2 protein chains.
Amino acid sequence: MAGQAEEKKLSRSQRRRRDDILRAALKIFDQHGFEAVKMADVAEEAEVAKGTLYLYFETKSALLEGVVETAIMPTLQKIGEMAQTHSGSARDLLVQQMQVAAARMASPEMKMLLRLMISGGSRHSGIVDFYYNNVVQSGLNHFKSTLDQGVASGEFRPEMGGIDPLVLVGAPIYTAVWNILFEEKQSIDADQLVNDHLELVLKGILKEP
Amino acid sequence: MAGQAEEKKLSRSQRRRRDDILRAALKIFDQHGFEAVKMADVAEEAEVAKGTLYLYFETKSALLEGVVETAIMPTLQKIGEMAQTHSGSARDLLVQQMQVAAARMASPEMKMLLRLMISGGSRHSGIVDFYYNNVVQSGLNHFKSTLDQGVASGEFRPEMGGIDPLVLVGAPIYTAVWNILFEEKQSIDADQLVNDHLELVLKGILKEP
DNA sequence: TCTGAAAATGACTTATTGGTCATAAAATGA
DNA sequence: TCATTTTATGACCAATAAGTCATTTTCAGA
């Protein structure tokens with residue numbers, strides 16, 4: 001993924017310019033969606049001439065990939081860290097993981113990313129692949145292993161070993177979708193909703209309340 | 001909404017042509033997404049010349065609105081009918097409503113619609129408004145009243161009266177999103193997932209299993 | 001079969017926008 | 001300060017696709 005124009009090593013000031021452009025691009029991609037945004041718009045937002053963009057990114061798609069990559073990086077790190085966090089009960093771990101997932105999902109970058117992948121999925125399949133391989137799979141595996149762990153320790157009901165972990169992470173997903181679609185009409189309290197969801201899930205998962 | 005070119009009354013054969021075009025448009029909008037589809041593509045799929053399209057729809061946007069309207073109509077009817085269906089227990093009603101919602105969400109029209117609203121939201125705000133007012137609100141109200149009904153009859157735990165009904169319909173939503181994004185990589189069994197979700201929800205909602 | 005109106009056609013026009021490149025400005029360093 | 005390289009600029013080019021319209025085809029009814 002990614003793609004500098006020309007060479008690979010970047011000087012200090014080049015890095016800064018590049019970041020400026022990425023920041024500007026993220027902002028207006030988020031505001032208007034990738035397709036609707038003209039390179040001229042990105043240039044204006046970044047306070048740079050159109051030609052300058054092509055000094056740092058070969059095409060509009062390459063710019064998009066750059067934006068996505070920088071938006072995902074922090075999530076990857078967080079997920080990695082979470083692997084170590086083997087605190088006490090499986091229940092606590094699950095709650096903690098859900099909250100991290102919910103927080104990530106609620107960020108503006110993720111909102112944009114979701115919008116982007118949904119709208120341009122087929123045309124920018126590299127992005128979808130990247131996201132699926134690096135974020136989705138490892139994320140679901142973490143939930144799956146927490147589930148197994150809880151079943152093994154007797155905390156969770158045994159049938160829960162066979163459940164699709166997607167059921168657990170569902171709340172942050174539809175919350176994000178709702179906000180993309182209807183935020184202006186009726187914004188929902190993501191935390192509240194995730195807690196409602198979590199409560200229901202725990203009532204179903206735990207052997208005893 | 002909607003928009004015929006020119007006049008309002010349509011003859012038999014005109015209606016048929018119009019439907020042909022709508023069917024063709026739905027098919028390729030679904031396949032490639034609205035933005036990516038050229039009017040020439042629609043014409044080819046409908047086995048009609050490009051100019052003919054403009055005899056029935058003034059612009060590409062008008063065509064889109066036509067597609068959305070015909071895609072939504074059956075859902076509206078179904079939701080209306082469900083209001084009457086006061087079968088036995090609140091539990092049964094809830095299960096039934098969930099299954100209808102899941103089935104609708106899984107249809108290709110809905111998939112396209114979701115993709116469309118998410119990607120082009122700001123540019124096609126009329127569609128989002130229409131959907132929100134006619135489908136989402138009444139749908140959520142139905143769930144809400146089922147919930148209240150179950151609490152009143154003592155079937156459901158009392159706290160459930162205050163829960164956001166979105167928690168209930170969540171599963172079909174994230175299932176649809178998943179399929180839009182990752183269907184090719186790893187398709188999920190929508191029915192299975194909705195059942196898992198439903199099971200968890202019922203464990204949490206019901207006073208006794 | 002003939003005729004006029006309705007429907008259909010597709011080459012053409014026009015607006016938009018991603019991408020280029022000759023030129024200019026700024027930085028570097030001797 | 002001047003020469004050389006690096007970076008920035010924005011007018012321009014070419015491709016694309018929405019929308020038009022003069023011409024042709026189809027069809028109803030006499």
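Naming: A, B, ... by sequence-line order, numbering from 1 per chain. Because the structure is predicted, anything quoted here is derived from the model rather than measured.
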For the pair made of [atom1] in [X] and [atom2] in [N], what is the distance, rounded to whole Å?
{"X": "A:Arg15", "N": "D:dT7", "atom1": "CZ", "atom2": "C1'", "answer": "17 Å"}
{"X": "B:Leu53", "N": "C:dG10", "atom1": "CG", "atom2": "C1'", "answer": "12 Å"}
{"X": "A:Tyr54", "N": "C:dA22", "atom1": "OH", "atom2": "C1'", "answer": "18 Å"}
{"X": "B:Phe57", "N": "D:dT20", "atom1": "CZ", "atom2": "P", "answer": "16 Å"}
{"X": "B:Glu47", "N": "C:dA8", "atom1": "CD", "atom2": "C1'", "answer": "14 Å"}
{"X": "B:Glu44", "N": "C:dG10", "atom1": "CD", "atom2": "P", "answer": "12 Å"}
{"X": "B:Asp20", "N": "C:dA7", "atom1": "CG", "atom2": "P", "answer": "15 Å"}
{"X": "A:Phe34", "N": "C:dG18", "atom1": "CZ", "atom2": "C1'", "answer": "11 Å"}

Out of [options], which has the shortest distance to the side chain of [X]?
{"X": "B:Leu55", "options": "C:dA8, D:dG19, C:dG19", "value": "C:dA8"}
{"X": "B:Lys60", "options": "C:dG19, C:dA7, D:dA18", "value": "D:dA18"}
{"X": "B:Ala49", "options": "C:dT9, D:dT9, D:dG19", "value": "C:dT9"}
{"X": "B:Arg17", "options": "D:dG19, D:dT9, C:dA8", "value": "C:dA8"}

Exam field: side chain A:Lys185 to backbone B:Asn133, donor-acceptor pair closer than 3.5 Å: no

Backbone N/O of B:Gly161 and side chain of B:Lys144: donor-acceptor pair under 3.5 Å: yes

Sugar-phosphate only, base, or nothing, as touched by A:Val42 at under 4.0 Å among non-hydrogen atoms: nothing

Modelled atom types, side-chain donor and acceptor of A:Gln192 and A:Asp196, under 3.5 Å: yes

Identify each atom pair where a protein N or O and an N or O of nucleotides 12-15 of chain D are less than 3.5 Å apart, giving names and distance.
none

Check the surroundings of atom [atom1] in [X]: do more than 12 heavy atoms from other residues, nucleotides or ligands lie under 6.0 Å from it?
{"X": "B:Lys27", "atom1": "NZ", "result": "no"}
{"X": "A:Glu44", "atom1": "CD", "result": "no"}
{"X": "B:Glu159", "atom1": "CD", "result": "yes"}

5' precedence on DNA chain C between A:Gly51 and A:Lys38 (nearest-nucleotide basis): A:Lys38

Most 5' of B:Ser13 and A:Met39 on DNA chain C, judged by nearest nucleotide: B:Ser13

Salt bridge present between A:Arg23 and A:Asp20 (N-O < 4.0 angstrom): yes

Base-pairing assignment for C:dA30 (Watson-Crick or G-U wobble, both under 3.5 Å): D:dT1

A:Tyr56 side chain near D:dA8 phosphate (N/O to OP1/OP2, under 4.0 Å): yes

